[in-house]
Amino acid sequence: QVQEVESGGGSVQSGGSLRLSCAASGDTSYRQCMAWFRQAPGKEREFVSSITITGTTNYADSVKGRFTISQDNAKNTLTLQMNSLKPEDTAMYYCAAAPSMYYSGGYYHCRTADFGYWGQGTQVTVSS
């Protein structure tokens with residue numbers, strides 16, 4: 001059974017840092033794209049960052065320059081380094097995987113609608 005498991009959430013003050021991790025168990029050959037999404041109370045889930053198995057990354061404008069996504073394919077681990085955290089970053093953070101990617105402009109990219117494997121989430125709380 002495939003499962004994504006997040007860890008690393010917690011509570012920090014504004015300006016602090018956290019490092020989220022996502023580990024996969026079972027057959028991980030489906031992981032062509034990996035991503036982080038988040039959902040704050042009363043809001044819809046939103047895209048944070050993604051990375052293809054080829055290494056192409058993408059970030060939401062709200063986190064560019066502050067968050068860094070990376071992966072260790074040998075260890076089947078996805079990481080999100082979050083720096084300069086703001087209260088508006090407070091949310092449940094979810095790891096997601098997609099079994100496909102598409103080619104455009106010389107690079108492979110992830111498609112948000114393709115993410116079908118989800119973890120249970122890890123809570124991030126940033127206080128001012």
query: Is a side-chain N or O of Glu6 found less than 3.5 angstrom from the main chain of Gln123, in a donor-acceptor match?
result: no
task: Hey, could you give me each pair passing salt bridge (Lys or Arg N to Asp or Glu O under 4.0 Å) that has a residue in residues 39-56? Not counting sequence neighbours.
output: Arg38-Glu46
field: Joint hydrophobic cluster, Leu78 plus Phe37, side-chain heavy atoms closer than 4.5 Å
entry: no
message: What I'd like to find out is whether the side chain of Leu18 reaches to under 4.5 Å of the side chain of Val124, using heavy atoms alone.
response: yes
message: Working to the nearest 0.5 angstrom, can you tell me the gap between Asp89 CG and Ser62 OG?
response: 7.0 Å
message: Is there a path of hydrophobic side-chain contacts, each under 4.5 Å between heavy atoms of I/L/V/M/F/W/Y residues, joining Phe115 to Tyr94?
response: yes
field: Electrostatic pair Lys64:Asp61 at N-O distance under 4.0 angstrom
entry: yes
query: Side chains of Asn83 and Ser17: do they bring a donor and an acceptor to under 3.5 Å?
result: yes
query: What is the minimum heavy-atom distance between His109 and Ser104, and which atoms define it?
result: NE2-O, 2.9 Å
- request: Find out if a path of hydrophobic residues (ILVMFWY) with successive side-chain heavy-atom gaps under 4.5 Å connects Val126 to Tyr93.
  value: yes
field: Met34 and Ser50, any side-chain heavy atoms less than 4.5 Å apart
entry: no
field: Tyr59 ring center near Phe47 ring center (under 6.0 Å)
entry: no
- request: Quick one: closest heavy-atom pair of Gly55 and Gln71, and the distance?
  value: N-NE2, 4.3 Å
message: Between Gln81 and Arg66, is there a side-chain heavy-atom distance shorter than 4.5 Å?
response: no
query: Rounded to the nearest 0.5 Å, what separation is found between the CG atom of Asn76 and the OG1 atom of Thr28?
result: 3.5 Å
message: Nearest 0.5 Å, please: how far is CD1 in Ile53 from OG in Ser29?
response: 9.0 Å
message: Checking side chain to side chain contact (heavy atoms under 4.5 Å, CB included) between Val48 and each of Val63, Leu20, Asn58, which is the one that passes?
response: Val63
Pairwise distance CE(Met101) to SG(Cys33) - rounded to 0.5 angstrom: 6.5 Å
- prompt: Is any side-chain heavy atom of Val5 less than 4.5 Å from a side-chain heavy atom of Gln120?
  reply: no
query: If you look only at pairs with a residue in residues 13-24, which of them pass as a salt bridge (Lys or Arg N to Asp or Glu O under 4.0 Å), with sequence neighbours excluded?
result: none
field: Phe67/Trp36 aromatic ring centres below 6.0 Å
entry: no
Over 12 foreign heavy atoms within 6.0 Å of OH, Tyr107: no
message: So, using salt bridge (charged side-chain N to carboxylate O under 4.0 Å, His left out) as the criterion, who are the partners of Asp114 when residues are at least two apart?
response: Arg111
statement: The reported gap from OG1 in Thr90 to CG in Leu85 (rounded to nearest 0.5 angstrom) is 8.5 Å
- prompt: What class does the angle between the rings of Tyr30 and Tyr117 fall in, given that below 30° is parallel, 30 to 60° is tilted and above 60° is perpendicular?
  reply: tilted
task: May I ask you to check whether Tyr103 and Tyr108 place their ring centres under 6.0 Å from each other?
output: yes
query: Are side-chain heavy atoms of Gln32 and Thr52 found at a separation under 4.5 Å?
result: no
